[in-house]
Amino acid sequence: MRSAKRLLQQCRPLGTQLEEVVGLGGVRTMITDLKAAMAAKIPKEQERLRELRKECGPKALGACTVEQAIGGMRGIPAMLWETSLLDPEEGIRFRGHTIPELEEKLPSAKEGGEPIPEGLLWLLMTGEMPTVDQAKAMPTVDQAKAVTELLRERSKVPDHVFKVLRDLHPNTHPMTQLCQAVLALQVDSKFAADYRAGIHKSKYWEPVFEDSINLIAKLPTIAAAIYRNTYKGGELIEADPKLDWAANLSHMMGGFGRVSSRTLNKIGVDGAANLSHMMGYDDEGCLEMMRLYQTIHADHEGGNVSAHATHLVGSALSDPYLSFTAGMTGLAGPLHGLANQEVLRWLNEVRAEVGDNVTKEQMKEFVWATLKSGKVVPGFGHAVLRKTDPRYTCQAGFAARNMPDYPLYKLVALLYDVVPDILIQTGKVKNPWPNVDAHSGVLLQYYGITEENFYTVLFGVSRALGVLSQG
Ligand code: NMX
Ligand code: MLT
């Protein structure tokens, strides 16, 4: 994938007025209305694209080999993607910021806490890090908080969507349920209605923005309803107006009361996971985990299946509900997002066979047995990355801070010791290191979210932020 900036750099001598043309990272304003911030940028962005086409249109980006075509466009730069950039060695950057930088710079719900996805959404859509009014004017202006409010206002899900979910076959996979619910929402698409009414193409972005925000706002409620219907008898939990977007997702999935971390410490880690499970997901640690989870899964450039599929379908001017559903059907594949479910399934097989105190030798045997039976080791490898995924490292850091003695965390750390060597010995795996999915299930399990078939839905809710921001 390429950003317009990189494409322009390729076809122009360096030193020309790139920044002016690109228009990103410019002077910060204190606009807190996301749509107004977008409206201020869009005409410049439209002009930039026109210029890119005029100047670079005929330029070839490279050759395409038979191997790449068989590999499904492997390594072929074929889509413009500006919200994030994936470097094989370093990993992902969101609008130029690495994952550790995001952890440091994005606003959090509490002092020194995990980043909130609303801040990331502002960054992805506008290209600028959200700011807080340092002058402490009354009232304090905070762009990420304004996004929280915007999403809260639009979070109500129409009854007919819940009815669609309730009427599905009880064995319907949570990812299939997610797709059906999003398609049921499509009846309210503003873009589809405006297109029918003959909107001018220069204005497409407005109803696309409206649909995208409406959809993102409703996804936590939809995901929680899928969870409650599938695993908790179907009784739904109202959103808490005091909570932010990701914390509300956690709250609506469970949420019967708060468990203090002192109580959790007293009863020990296994007991903690169990108590958290019984009490619901309002534990402060769980809310923080969900904020981080929803931030780091949002975007991974345009070459992955969910991003590519969303944009491929969107290029037919299918509205955001239709195109996001296409992305989610791709995320539901075991080599893509479903790998987070597969990792847990696989770890549980290991535990069932050898217990929690698995030795390095036993683990090696298990990995070899998996490979010899013609299966992949889930959570390892990547089409682009050639190093450990920084999203894995970030989650491992969260685990080290919050659940250092949790047996499953130790098991995953043991995998890190064992798997890469073995994958290298196969002589064919290009990246033997763990990806994002190797660690996410451990965090969810610790807080009692043990139903692994649901995990990809949580990935999907986050992915909406990235693929819909690219627009
Ligand atoms: N376990 C076993 N074999 C593997 C693995 C693995 N983890 N990773 C790659 N290989 C094999 C791959 O199947 C291929 O074999 P063959 O030639 O027999 O078809 C060979 O190694 C070369 O593949 P690569 O070029 O290294 O990887 P590719 O780009 O084709 O695929 C993945 C990338 C991510 C699909 C692959 O590494 C994989 O299947 N990993 C396990 C599933 C997984 O964790 N997916 C999640 C990815 C992240 N996400 O969230 O989407
Ligand atoms: C993703 O987050 O989309 C995955 O790591 C897959 C990819 O980038 O190819």
Side-chain angles (χ1 to χ4, degrees), residues 1 65 67-76 78-79 81 83-88 90-94 99 175 293-311 327-347 366-395 412 415-416 418-441 452 455-467 470:
M1 297 308 119
T65 64
E67 178 75 36
Q68 285 177 307
I70 292 174
M73 294 179 65
R74 188 62 44 94
I76 301 175
M79 199 184 280
W81 201 270
T83 46
S84 66
L85 193 63
L86 182 56
D87 180 87
E90 185 196 54
I92 195 72
R93 277 178 184 262
F94 296 82
I99 297 268
M175 277 305 281
Y293 187 109
Q294 291 298 321
T295 299
I296 63 173
H297 284 79
D299 206 23
H300 219 233
E301 225 191 60
N304 65 77
V305 174
S306 50
H308 187 93
T310 303
H311 278 265
M328 289 302 97
T329 56
L331 194 73
L335 294 189
H336 191 13
L338 207 78
N340 58 11
Q341 162 185 325
E342 296 305 298
V343 168
L344 248 294
R345 200 191 289 280
W346 189 80
L347 283 177
F366 212 87
V367 172
W368 276 117
T370 301
L371 292 175
K372 282 178 187 152
S373 65
K375 293 186 241 167
V376 296
V377 181
F380 284 78
H382 200 274
V384 181
L385 281 168
R386 292 296 174 256
K387 285 273 166 65
T388 297
D389 190 333
R391 299 170 298 176
Y392 173 95
T393 312
C394 164
Q395 295 179 95
V412 167
L415 278 180
Y416 195 101
V418 167
V419 176
D421 264 358
I422 296 178
L423 291 183
I424 289 168
Q425 284 176 52
T426 66
K428 62 176 184 179
V429 179
K430 295 194 189 68
N431 174 35
W433 303 106
N435 59 55
V436 65
D437 298 316
H439 219 301
S440 54
E452 69 255 16
Y455 291 175
T456 313
V457 173
L458 294 174
F459 191 158
V461 172
S462 172
R463 189 47 54 105
L465 303 175
V467 298
Q470 179 60 42

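Side-chain atoms are counted along with the backbone in the values below, which use heavy atoms only and exclude waters and symmetry mates. Count residues from 1 along the sequence. Both counts, for ligands and for their atoms, begin at 1 and track the order of listing.
For the pair Q470 (side chain) and G466 (backbone), a donor-acceptor distance under 3.5 Å is absent. Side-chain N or O atoms of H382 include none that pairs as donor or acceptor with a backbone N or O of N435 at under 3.5 Å. Distance alone, capped at 3.5 Å, places no donor-acceptor pair between the S84 side chain and the F94 backbone. Within the 3.5 Å criterion, the main-chain N or O of L458 finds a donor-acceptor partner in the side chain of Q294. When atom types are taken as modelled, the side chain of E452 and the backbone of L344 share no donor-acceptor pair closer than 3.5 angstrom.
Of all protein heavy atoms, the one lying nearest to atom 45 (N) of ligand 1 is L335 O, 2.9 Å. Atom 40 (N) of ligand 1 has its closest protein heavy atom at F380 O, 2.8 Å. The protein heavy atom nearest to atom 1 (N) of ligand 1 is V377 N, 2.9 Å. Ranking protein heavy atoms by distance to atom 13 (O) of ligand 1, first place goes to V376 CG1, 4.2 Å. Closest to atom 26 (O) of ligand 1, if we only count protein heavy atoms, is K430 N, 2.8 Å. Atom 51 (O) of ligand 1 has its closest protein heavy atom at H336 ND1, 2.7 Å.
By the criterion of a heavy-atom distance under 4.0 Å, both the backbone and the side chain of A383 are placed next to ligand 1. For V429, heavy-atom contacts with ligand 1 shorter than 4.0 Å involve the backbone as well as the side chain. Counting heavy atoms under 4.0 Å from ligand 1, residue D437 touches it through the side chain alone. Contacts of L371 with ligand 1, taken as heavy-atom pairs under 4.0 Å, involve the side chain alone.
Heavy-atom minimum distance, V467 versus D299: N-OD1, 4.3 Å.
Evaluation of the side chain to side chain donor-acceptor pair (under 3.5 Å) rule for Y455 yields Q445 as partners, not counting sequence neighbours. With sequence neighbours excluded, the residues satisfying side-chain contact (heavy atoms from CB on, under 4.5 Å) with P434 are F380, T388, Y392, Y416, A438. In terms of the salt bridge (Lys or Arg N to Asp or Glu O under 4.0 Å) criterion, residue partners of R345 (sequence neighbours excluded) are, by chain and number, E342.
To the nearest 0.5 Å, atoms CZ (R391) and CD1 (I99) are separated by 7.0 Å. A distance of 10.0 Å separates NZ of K375 from CH2 of W346, quoted to the nearest 0.5 Å. If you take NE2 on H336 and CG on N304, they are separated by 4.0 Å, rounding to the nearest 0.5 Å.
Per-atom contact check: atom 19 (O) of ligand 1 does not touch the protein, criterion being a heavy-atom distance below 4.0 Å. Atom 43 (C) of ligand 1 is approached by the protein to below 4.0 angstrom, counting heavy atoms only. Atom 48 (C) of ligand 1 lies below 4.0 Å from at least one non-hydrogen atom of the protein. In this structure, atom 6 (C) of ligand 1 has a protein heavy-atom contact shorter than 4.0 Å.
Looking at W368 and I422, their side chains come closer than 4.5 Å, going by heavy atoms from C-beta outward. For the pair D389/Q395, no side-chain contact is recorded, criterion being any heavy-atom separation below 4.5 Å from C-beta on. Side-chain contact between N340 and T456 is present, with at least one heavy-atom pair separated by less than 4.5 Å.
The N/O atoms of V436, backbone and side chain alike, include none that comes under 3.5 Å of an N/O atom in ligand 1. Inclusion of G379 in the set of residues having an N or O under 3.5 Å from an N or O of ligand 1 is warranted.
Heavy-atom distances between R74 and ligand 1 reach below 4.0 Å in at least one pair.
By heavy-atom distance, the residue among K428, K375, H300, E342 lying nearest atom 15 (O) of ligand 1 is K428.
Atoms of ligand 1 found under 4.0 Å from any heavy atom of A339 (numbered from 1 in listed order, with element): 43 (C), 44 (O), 45 (N), 46 (C).
Closer than 4.0 angstrom to ligand 2 lie heavy atoms from H300, N304, H336, H382, R391, F459, R463.
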